[in-house]
Amino acid sequence: MPEPKAPTPANAPARPGHVPFASLGISPELLKAVAQLGFEETSPIQSATIPLIASGIDVVGQSQTGSGKTAAFCIPAIERVDPAGRFTQVLILTPTRELATQVADEVHKLAAFKKGVHSVPIYGGASYDRQFAELKRGAHIVVGTPGRLTDHLNRNTLDLSGIKMLILDEADRMLDMGFREDIEKILAAAPAERQTVFFSATISPQIQALVRRHSRDAKTVKIEQKAVAGAPLVEQVYYEVRHHAKFDALVRLIDFHNVKSGLIFCNTQRMVDELADALVGRGCSAERLHGGIAQAQRTRVMNNFKKAAFEFLVATDVAARGIDVNDLELVVNYDLPYDAEDYVHRIGRTGRAGRKGRAVTLVSGAGIHKLESIERFTKTKIRREQVPTPEAVEGKRSDALFEQLRATLEAGEFPQPTLLIERLLEQGYTPTEVAAAILHHFMPKPAARETVAIAPQSSDRDDSARRRPGGRFKRAGSEGPRGKKKFSPRGGQRFR
Ligand code: AMP
């Protein structure tokens, strides 16, 4: 039998809408930045809008938070900047300061290899002095909230005369928040021949009117979601957790359910590496699979996974295509997939061949809206569960240990280190004390128990992120794995 081939971007079936970034004709500097961020392929909104925006026409992109929309407009925006020109060339409007800093952060990361491109976030509540200085220095890309940007326009500290590209991110939300006048003023202050790009979760008549007034022949891109059938044998649950508690939640679930084999999906190579390292640091046997790993190594990892030589495989969608393992207990969406199709594809890896499988999704922040849309498109209900408490995990471990000891005692077939035990008893210790001391070496130390708050507190929730009655999606803070995330694995000893 020929060796099964590990899936590669070259031999894997193509996923519609996902293409290699290199096929979009973007510069080597941007390709390098995208690779450094660990993005393996575009998301559908990226493959649809990046070439259009790069061609210079006006574009309206309908997309939600978590779709990869920020990179969709940041990549062509960075490409458009001439670093030699010391003036503001791109203006990005966002509804909130949180989003302004997130977008500015993404610009910063994507422009890492573009020499001399400067960007600045401009929002209310921050010191004017620093903003004056940054604007005076001629920040190429300004990312700001409409209110504070209008302030700067009124003070003549923001010069829009050199704007080549104006981007409105979450345009619907900006209108909802009452920024219409400010937006109109900013748009009127920018040169008429600029390119205008709108991103919005919904295209209401108000948005359409705004687009008509302030753009020329704008092309609208909507990523159509096809309804896809769910995998009925798979038990689907989700856990709403704080972003920084995802790892602890995952470990508790693994421990609580005593999971012995699982496939864990992350969206980026970097996240795969961090998670695989953290799991190993936590005492699990885990391997990784992503497009940045040499083919020979990938084949080895795949074969070992099939042989159950290790417990957990952490992978990106691209690398995991074609994985054919029959008795997977668990699939985990550590990062939410981009769309319902990816979700179904991922969870279809468990519950195969008539076996019962379990698919677990960790959701943080505004990701809950994406999950709701996955539910709608897969026409399945994903059950919400609570992450077990440390006490519950502890209880399960004790039960398992009790069962194991009871079975061993019952069978009576084990070597008895009588001499050692007698020596301890002669020291005056009771049999209970001796047994407790021995068990102590197997049980997790109290210091290793989790103290991390896992569930989101009501104060973590940005109510504007909740879905509104009209089915509108709202953004709340960061939801995806932005930037570097460092795990600090605790030295908890796993007991089997
Ligand atoms: P956004 O919809 O822009 O808020 O993006 C959601 C998250 O997805 C962010 O953390 C991005 O860094 C990440 N992201 C964007 N594009 C990609 C991609 N092509 N592959 C993997 N992750 C991505």
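Numbering of ligands and ligand atoms starts at 1, following listing order. Atom set for the values below is all heavy atoms of this structure, side chains included, hydrogens, waters and symmetry mates excluded.
Here Asp58 does not pair with Lys219 in a salt bridge; the nearest charged N to carboxylate O distance is not below 4.0 Å. The pair Glu287-Arg300 fails the salt-bridge criterion, with no side-chain N (NZ, NE, NH1 or NH2) lying under 4.0 Å from an Asp/Glu carboxylate O.
Listed by atom number, the atoms of ligand 1 under 4.0 Å from Thr70 heavy atoms are 1 (P), 3 (O), 4 (O). Close contacts between ligand 1 and Thr268 involve ligand atoms 21 (C), 22 (N) [criterion: under 4.0 Å to a heavy atom]. Under a 4.0 Å criterion applied to the non-hydrogen atoms of Phe21, ligand 1 contributes the atoms 19 (N). Near Asn267, meaning under 4.0 Å from any of its heavy atoms, are these atoms of ligand 1: 21 (C). Annotation for ligand 1: atoms under 4.0 Å from non-hydrogen atoms of Ser67 are 2 (O).
With Lys69, Gln102, Gln46, Glu41 as candidates, the residue nearest to atom 16 (N) of ligand 1 on a non-hydrogen basis is Gln46.
Identified under the salt bridge (Lys or Arg N to Asp or Glu O under 4.0 Å) test for residues 204-215, with sequence neighbours left out: Glu184-Arg213.
Distances between N or O atoms of Gly68 and those of ligand 1 include at least one value under 3.5 Å.
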Exercise for review: Decide yes or no on side chain to side chain donor-acceptor pair (under 3.5 Å) for Thr150 and Arg148, but give the supporting numbers first.
Suggested key: CA-CA 5 Å; Thr150 311; Arg148 180 57 71 98; over 6 Å; no

Review point. For Gln36 and Arg270, what are the C-alpha separation, side-chain angles and deciding distance, and is it a side chain to side chain donor-acceptor pair (under 3.5 Å)?
Key: CA-CA 8 Å; Gln36 180 160 288; Arg270 183 193 284 199; over 6 Å; no

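Looking at Tyr338 against ligand 1, only its side chain comes within 4.0 Å, counting heavy atoms.
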Just distance, no hydrogens or angles: give the donor-acceptor pairs under 3.5 Å from side chains in residues 115-122, sequence neighbours left out.
from   : atom 1 : to     : atom 2 : distance (Å)
His118 : ND1    : Arg137 : NH2    : 3.4

